[in-house]
Q: 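The following block contains the structure, expressed as structure tokens.
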Amino acid sequence: MKLITAVIKPFKLEEVRSALTDLGLQGMTVTEVKGYGRQKGHTEIYRGAEYAVSFLPKIKIEVVVPGAQVDKALAAIQRAAKTGQIGDGKIFVSPIEHTVRIRTGESDDDAL
Amino acid sequence: MKLITAVIKPFKLEEVRSALTDLGLQGMTVTEVKGYGRQKGHTEIYRGAEYAVSFLPKIKIEVVVPGAQVDKALAAIQRAAKTGQIGDGKIFVSPIEHTVRIRTGESDDDAL
Amino acid sequence: MKLITAVIKPFKLEEVRSALTDLGLQGMTVTEVKGYGRQKGHTEIYRGAEYAVSFLPKIKIEVVVPGAQVDKALAAIQRAAKTGQIGDGKIFVSPIEHTVRIRTGESDDDAL
Amino acid sequence: MEFRKVARYAGVLGALGAIALFVEPALAQQAATAPAAPPPPVPNKGDSAFMYIASVLVLMMTVPGLALFYGGLVRTKNMLSMFMQVFATLCLVAILWVLYGYSMAFTNGGSLNDFVGGFSKAFLKGVDSTTLAATFSNGVYIPEYTYIIFQMTFACITPALILGAVAERLKFSAMLVFMALWATFIYFPIAHMVWYWGGPDAFGNAAKALAAATGDAKAQAQAAYDAVMADAGISFKWGALDFAGGTVVHINAGIAGLVGALILGPRIGYGKEPMPPHSLVNCMIGAALLWVGWFGFNVGSNLEVNQFAGVPFINTFIATCAAGLSWVIVEWIIKGKPSALGMASGVVAGLVAITPACGFAGVMGSIVLGLVVSPICFFFCSAIKGALGYDDSLDVFGVHCVGGIVGALGTGLLVNPAWGGAGIADYTSKPGELVAGTYDMATQMISQAKAVGMTLVWSGIGSAILFKLVDIIIGLRPSEEKEREGLDITDHGESAYHY
Amino acid sequence: MEFRKVARYAGVLGALGAIALFVEPALAQQAATAPAAPPPPVPNKGDSAFMYIASVLVLMMTVPGLALFYGGLVRTKNMLSMFMQVFATLCLVAILWVLYGYSMAFTNGGSLNDFVGGFSKAFLKGVDSTTLAATFSNGVYIPEYTYIIFQMTFACITPALILGAVAERLKFSAMLVFMALWATFIYFPIAHMVWYWGGPDAFGNAAKALAAATGDAKAQAQAAYDAVMADAGISFKWGALDFAGGTVVHINAGIAGLVGALILGPRIGYGKEPMPPHSLVNCMIGAALLWVGWFGFNVGSNLEVNQFAGVPFINTFIATCAAGLSWVIVEWIIKGKPSALGMASGVVAGLVAITPACGFAGVMGSIVLGLVVSPICFFFCSAIKGALGYDDSLDVFGVHCVGGIVGALGTGLLVNPAWGGAGIADYTSKPGELVAGTYDMATQMISQAKAVGMTLVWSGIGSAILFKLVDIIIGLRPSEEKEREGLDITDHGESAYHY
Amino acid sequence: MEFRKVARYAGVLGALGAIALFVEPALAQQAATAPAAPPPPVPNKGDSAFMYIASVLVLMMTVPGLALFYGGLVRTKNMLSMFMQVFATLCLVAILWVLYGYSMAFTNGGSLNDFVGGFSKAFLKGVDSTTLAATFSNGVYIPEYTYIIFQMTFACITPALILGAVAERLKFSAMLVFMALWATFIYFPIAHMVWYWGGPDAFGNAAKALAAATGDAKAQAQAAYDAVMADAGISFKWGALDFAGGTVVHINAGIAGLVGALILGPRIGYGKEPMPPHSLVNCMIGAALLWVGWFGFNVGSNLEVNQFAGVPFINTFIATCAAGLSWVIVEWIIKGKPSALGMASGVVAGLVAITPACGFAGVMGSIVLGLVVSPICFFFCSAIKGALGYDDSLDVFGVHCVGGIVGALGTGLLVNPAWGGAGIADYTSKPGELVAGTYDMATQMISQAKAVGMTLVWSGIGSAILFKLVDIIIGLRPSEEKEREGLDITDHGESAYHY
Ligand SMILES: Nc1ncnc2c1ncn2[C@@H]1O[C@H](COP(=O)(O)OP(=O)(O)O)[C@@H](O)[C@H]1O
Ligand SMILES: Nc1ncnc2c1ncn2[C@@H]1O[C@H](COP(=O)(O)OP(=O)(O)O)[C@@H](O)[C@H]1O
Ligand SMILES: Nc1ncnc2c1ncn2[C@@H]1O[C@H](COP(=O)(O)OP(=O)(O)O)[C@@H](O)[C@H]1O
């Protein structure tokens, strides 16, 4: 099993979600995060004081998938999240050694 | 060392926390997340327009534990977080290669 | 590639960010989290009812770096985030197997 | 000094209202034995302007005031539910008010007149722009619509107060049915018992006629006089003092809230999970708007903006300040920190306590009342509630009922002219001259206690019956799962915030 | 009853204003043929007190009321934009008002007088503390400043209403230019057409003079009489009834909003991405403050606090309650849940509908109007909007324009004395005696329909031209990227919240 | 025109108050030499209604208005602290006011009378429902309670304004002690200096008596006249104009804020960490409520709702609009974007500047004042503050003190009848006829400057002493760790939000 972590633009969440469910992936966990990268932020001004806001709102999607589905999932996310503009985000893949479904106690691929 | 990531129902946080501290685990990091899974969401209606809200509020607990304690921790979380109802959540285990306590510079198991 | 996850005190975010950019690391993802650890929380009182608030606001920084830069990054974070007071936080290092830049499709070190 | 003492009173108990149509048949009848009727009184535009703004202020107390005060204290997932319940109660009761509530409260109820009025003004029959309502001054009238409107705002906010006690676990549908019943069987009757009387001119004219009558006419005049005196609610006749509704509004809603909290049982997780206020900022905005609006409530209860109107105003201001500080100080001593919620609670407790007393007390007496009420309410909200274990979600009992009782009893003491109070007006011995009657502390305290007891019993028992009834018919509480998810989504299909 | 029926009217259409300087030359001229002029009237302090507070209440409707109501409904990233647009519109239009707006609305416009006034009072020339404005009662005047201020608050809130329809996608710079044009070419003229007339004394005196004149003087008196009758806006002359601005304010802004929404096109992502209100709490606070402030709007439109002032007050209260409940019930039936946004929408729809009717309808009629308006608006906001696919972001058309039309037509029915309405005053046949004129339903409904149609046409076409013009000159919409990022950052460089 | 010019003034400096008990001994004494006293004046109900609502509005400015305006600008962790400090200041100062503050401000202070009053009305001794306070019109009185209440709201908001300058780093305990001292030693005396005088009738009667006296009586009448003229605060005697409290309220609080900010030093992280407002929405709601409430503040300062009340009203409205736009435009030019915080700041700056001028300026003059004040304040809040490096957290100095000075000096210019101003009333040469005195720009500007200077010196030095004193006794600032954690948790044990 692998954990796929995708940091994407917020308005792309729906598209990515449906791309993944189209693959039959039924679960994911989403976090509101702030991203720093090449995409430049903006300046906020409060009564003369200027602040460079370098962090931009992003959405982080975490989805654990059976090893066999990693490539399809990566492709699906990439397709759905892409605008071609700077700041589209990143996808990271990392190993998951063990998974448990709390409700039933099932584990590993059965738990996904 | 392993990172145990548990996605649970929000009102179970206190029980899971105390189950973990009972094991002597003194640290954890908690994030408010939104989960998508088998548990169906709800519909929100705003002046006639209906939105299917498929993401539900969940709590993600991350706790890094020495390898020896992984099983006990998994069991404890499972016990504390279980309601038996759909949506109870998942636990994932992944490897951690290195840990540092910022304050002291201690590392690995000493840092936990 | 490694994922460096640092849990730090909120007001240290700016210092850590600039320490990392000084190393030439151009991307990172930041999450507001709540931490439980040795640093004790506080008590909140609402009309006579007291609640022990054991979770404290922390910032989680996630930065994926090429293997060669891990040590420098660790040192930089540690320096920037340290106050020497309890609750300064932790740094965890874990493996990343694959990285993709959504915009371009570049992968692994090229995607960082 | 003398003048002030006698003038700021309110008949016997007559806190608020005392509506008397200028051409009401009963009065016309007595007028027959009295000297030629004076020309119809013309309402003063300053009075009308004031009463309309006062009504607007009481509306603002309810929405957004009370909705924010309560809403800020619940958890995020029940915020909209709180708002909806307050709004819906307001809308519903206002409509009942014009359909039959006003009539049930402010007309003669025949054989049941001690307890409730009749339906002669149902659908506001007979009311138009020319009909008038009496004030507390002889010869001073306001348009009847003005009085109906002002009283309507009271009828709307009182049931809404109950919502705090049963917050986060009362279904919207059950709430609607309960409120319709509660307004009808509890509020309208209690308003009648406390506030229905013939007005100062009816009293005075009957007394004058009686004094002037000689020979055979004497008996007839006596009968007429007795009829006027008898045409009032029972509480009013007992002679208790309540300037702006300590009993009718606060004790009444407070005890109903406690009963509701007991019948519904505690919220899931109560005492185990933390349930901190989701927005103390909203709570404090609400408290501030309650304070702001309360001047409409209390000063408007004077029904005109004569020279005495300054008394309820300054007392309402100062008692509130004293109570706010006093709650914070008690908390500081006992819990170690002065909290914002403590300030908000103290402010509301002070407003509640001064409500019955505001037109009777002196300024220094009001400070004392404010200082005293907060520690008592604090004690109920923390120690007593904790010990008994009931879940009065937002302390409606601890603040409104307890604070209301402190205020009602305090009124009996602070009206004492010897302590800077205003004394009690005597409308009959020297009508039109505003001479103060006698004040006897023991007598007065007994009257106050009777009014308090009456309200506790009627509203306590009545509310219990109504809550049980609704529980049987449609069920009061949502399913456990729904309560956990929060009423915003399960009752209303919405979330309060999408930041 | 008789008295009330005749008294609550408003001349012909004359809802709000009817300013007549006490010493206006035109009147003075006619006074020459009339009996010796009475001593200058002295404004009543109660009236002034009321009108100032009414103006404050209308300001509070706008900020923070409307800003919160609208702001709560947009997405977080456009919250400050909504606030800024409302504030800036208010500031801008108020200044235009004193520079030339008041003059364009409330002076004689010479050959264009049917449609717009002139510039004789530009920069408030000739206005000072001693000049007076007429009310709807013979012989009752208020200070002219009072009238200017009250009307100014109307001029400020009306354009701000449009902002909801084009929310989240109109550039701040374009907004400023559009608002200056819209106030000048749409609002000031329509206010003139509907509210400009000579006042009851001018009417009455001319009629009396005509009646008294004999022989040669007859023709002269007739000419003078005709001149007074003719010196009014065209809509006023048609005889439509609009107590507090249903056409001038709500239909006017509502149709302009629809036109704007059509010209700007839908928001990026409309219909695809969810766009839930970012804070229904703010929305409901806003709705509550609109309600609270609306009493200034509607009751203030009586221009004095005489006995009839209770009618618009109680109607404004009750129709709103009925409409709030009725929206919620319809939604419950059709969508399965009664929502907080439904309550807020119903409350506003009720306020909109009762605005033209509040001084004419009976209380029971107002309940009916409230019950009826919500389902109709609900139907437009869900079914019709969905079917046609235009993106009226916050349903300005569906609530204000549709609700305004329901109210305008409802007014024609509910004024019917046979249905508890007030009837229509006749200032000329028996001047000063407030005798009701005749009421004919068909005639009245035609007048109402003409006024509605006139507003739809003038504002609809005019707004389209102005939106297009501004689009050509500076462009209405931000770039796609900026719209996505949100106007708070791109237009104003700020974020609403940093929790 | 003539009439208006003379009538809207305020004696010499007499902006707000000028209380004179109807039966005050000093007056009674002079009455002996004057013709038979007229019957006691009866307060007008319209005036009373207005003054009570005005007082409610000023309360609303403070809570929730100011609390939201300031609270929205701080960081989340100090939100409740801001609310608590405003609420507690209000409660504390109101109680001091009735205990001795009113007496210190509005009674004769014997040998210290130039600077402070005495204790003859401590605990409101001798005040009851029958005692009266003078207005600015001969023969017009309001109930003394009304005046006490209205002035109380001023006494409460002024110290609360200081809190913005020292926000996020002043301990609650230290704040309480400081505020008690500051009210006592700074506010009450300055209110006395500026607002204490004998009232128009005392002036007029003495002048009439002097004019009528012949022979031996002449000297006696002259002495009596001199006594009346001398029985006023020193600033009043200088003849500076301040309609509603530009000096007493805004310059006073503004300079105290600057002194506090300097003594406390900057917040930890100031200039290094971003400290953006945690909720600009709350800030803008607060600004809106300040605006709404300010009509109570400014128009209420007219003390009655006579025909001249429209002048401060329209000026307060229009100057604010001009200042809001003007701040936004300056920012647009200099910083590239018009911000919501800029709008809020401009609105407040405009309100501050028009405060002393509102009853004296013409409408066009008010627009100019509004346009001018914002750029000046903007310059102080950005350039000057940045250059000097002090941390006036919420720009109390830059907006209130600087804006107040602009307004005070502007008043001296705009009162000029030649520029549309109202001129300065002369109560003595033709008492009761409201004839305007002479206006000389140089003289007037010197008076204005003296009043400004006096306030800056007294409040600046006095506040410095008090801050230092409190620092020595209990310490002004929390520990570094506590300041970092935020005062909500460390001072009050709560968090503002639990979403
Ligand atoms: N090395 C990294 N580690 C973690 N997150 C990163 C890293 N680099 C980029 N990100 C995340 O990806 C987002 C997009 O990156 P950015 O450089 O702005 O654009 P692009 O993805 O087009 O190269 C960032 O806002 C950040 O959240
Ligand atoms: N494959 C997955 N990867 C990441 N998170 C998941 C995955 N599957 C489920 N989750 C998380 O677990 C939560 C519960 O899953 P769900 O399918 O609703 O119920 P259950 O845990 O009872 O099977 C989801 O809301 C989501 O946050
Ligand atoms: N075992 C752990 N797993 C995950 N997060 C941890 C762990 N231990 C500590 N943390 C995080 O680090 C933060 C700081 O830890 P704490 O024990 O308070 O102080 P210190 O870092 O000085 O030892 C915690 O608030 C928590 O967020």
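Order of the sequence lines fixes the chain letters, A, B, ..., with proteins taken first and strands second; residue numbering starts at 1 for each chain. Both backbone and side-chain heavy atoms feed into the values below; hydrogens, waters and symmetry mates do not. Every value quoted in this text rests on a predicted model; they were computed, and no experiment measured them.
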Q: Please flag which part of F:L57 lies under 4.5 Å from any non-hydrogen atom of chain D: side chain, backbone, both or neither.
A: neither
Q: Can a donor-acceptor pair be found, under 3.5 Å and without considering hydrogens, that links the side chain of D:Q307 to the backbone of F:P143?
A: no
Q: At under 4.5 Å between heavy atoms, what parts of residues 172-179 of chain F are in contact with chain D? List them by residue number.
A: F:F172, F:S173, F:L176
Q: Does any heavy atom of chain F fall under 4.5 Å from the side chain of D:M60, the backbone, both, or neither of them?
A: side chain
Q: So what's closer than 4.5 Å to chain D heavy atoms on F:M51: side chain, backbone, both or neither?
A: neither
Q: What distance separates D:M284 CE from F:M79 CE, expressed to the nearest 0.5 Å?
A: 10.0 Å
Q: Name the member of F:G493, F:C156, F:A496, F:G46 that forms the most heavy-atom pairs with chain D at distances under 4.5 Å.
A: F:A496
Q: Apply side chain to side chain contact (heavy atoms under 4.5 Å, CB included) to D:I367 and F:L99, showing your working.
A: CA-CA 10 Å; D:I367 294 182; F:L99 294 185; 4.2 Å; yes
Q: For the NZ atom on F:K482, are there more than 12 heavy atoms of other groups (residues, nucleotides or ligands in this structure) within a distance under 6.0 Å?
A: no
Q: Which answer fits F:P64, side chain, backbone, both or neither, if we ask what part of it has an atom under 4.5 Å from a heavy atom of chain D?
A: both
Q: Shortest non-hydrogen contact from F:Y145 to D:G310?
A: CB-CA, 4.1 Å
Q: Would the distance check show the side chain of F:Y497 and the main-chain N or O of D:L280 forming a donor-acceptor pair, the cut-off being under 3.5 Å?
A: no
Q: Looking at D:T76, D:V328, D:I318, D:V305, which makes the most heavy-atom pairs under 4.5 Å with chain F?
A: D:V305
Q: Is there a donor-acceptor pair under 3.5 Å between the side chain of D:K337 and the backbone N or O of F:I489?
A: yes
Q: How far does CG of D:N315 sit from CD1 of F:I149, to the nearest 0.5 angstrom?
A: 9.0 Å
Q: Looking only at heavy atoms and a cut-off of under 4.5 Å, which of F:T146, F:T153, F:L68, F:I148 has the most pairs with chain D?
A: F:L68
Q: Give the minimum heavy-atom separation between F:V98 and D:I314, together with the two atoms involved.
A: CG1-CD1, 4.2 Å
Q: Using the ring of each side chain (for Trp, its six-membered ring), is F:Y52 parallel, tilted or perpendicular to D:F313, with breaks at 30° and 60°?
A: parallel
Q: Measure the SG-CH2 distance between D:C321 and F:W97 for me, rounded to the nearest 0.5 Å.
A: 13.5 Å
Q: Specify which of D:T320, D:L325, D:V347, D:I53 makes the most heavy-atom pairs with chain F at under 4.5 Å.
A: D:L325
Q: Check D:S339 against F:M84 and note the closest heavy-atom contact, atom names and distance.
A: O-CE, 3.5 Å
Q: With a 4.5 angstrom heavy-atom cut-off, is it the side chain or the backbone of F:S81 that approaches chain D, or both, or neither?
A: neither
Q: Against chain F, label D:M364 side chain, backbone, both or neither, depending on which of its atoms sit under 4.5 Å from a heavy atom there.
A: side chain
Q: What I'd like to find out is whether the side chain of F:H498 reaches to under 4.5 Å of the side chain of D:P274, using heavy atoms alone.
A: no
Q: Under 4.5 Å from any heavy atom of chain F, what part of D:V299 do you find: side chain, backbone, both or neither?
A: neither
Q: Select, from D:P277, D:A287, D:A49, the one with the greatest count of heavy-atom pairs under 4.5 Å involving chain F.
A: D:P277
Q: Is the distance from the ring center of D:F50 to that of F:F50 below 6.0 Å?
A: no
Q: Let me know if F:S48 has heavy atoms under 4.5 Å from chain D in its side chain, its backbone, both or neither.
A: both
Q: Roughly how far, to the nearest 0.5 Å, is the CG atom of F:N282 from the CG atom of D:N282?
A: 8.0 Å
Q: Report which part of F:L90 has an atom under 4.5 Å of a heavy atom belonging to chain D: side chain, backbone, both, or neither.
A: both
Q: For D:V281, is it the side chain, the backbone, both, or neither that has a heavy atom closer than 4.5 Å to a heavy atom of chain F?
A: both
Q: Heavy-atom distances under 4.5 Å only: say whether F:D47 touches chain D with side chain, backbone, both or neither.
A: neither
Q: Against chain F, label D:E304 side chain, backbone, both or neither, depending on which of its atoms sit under 4.5 Å from a heavy atom there.
A: side chain
Q: Compare all side-chain heavy atoms of D:P338 with those of F:H492 and state whether any distance is below 4.5 angstrom.
A: yes
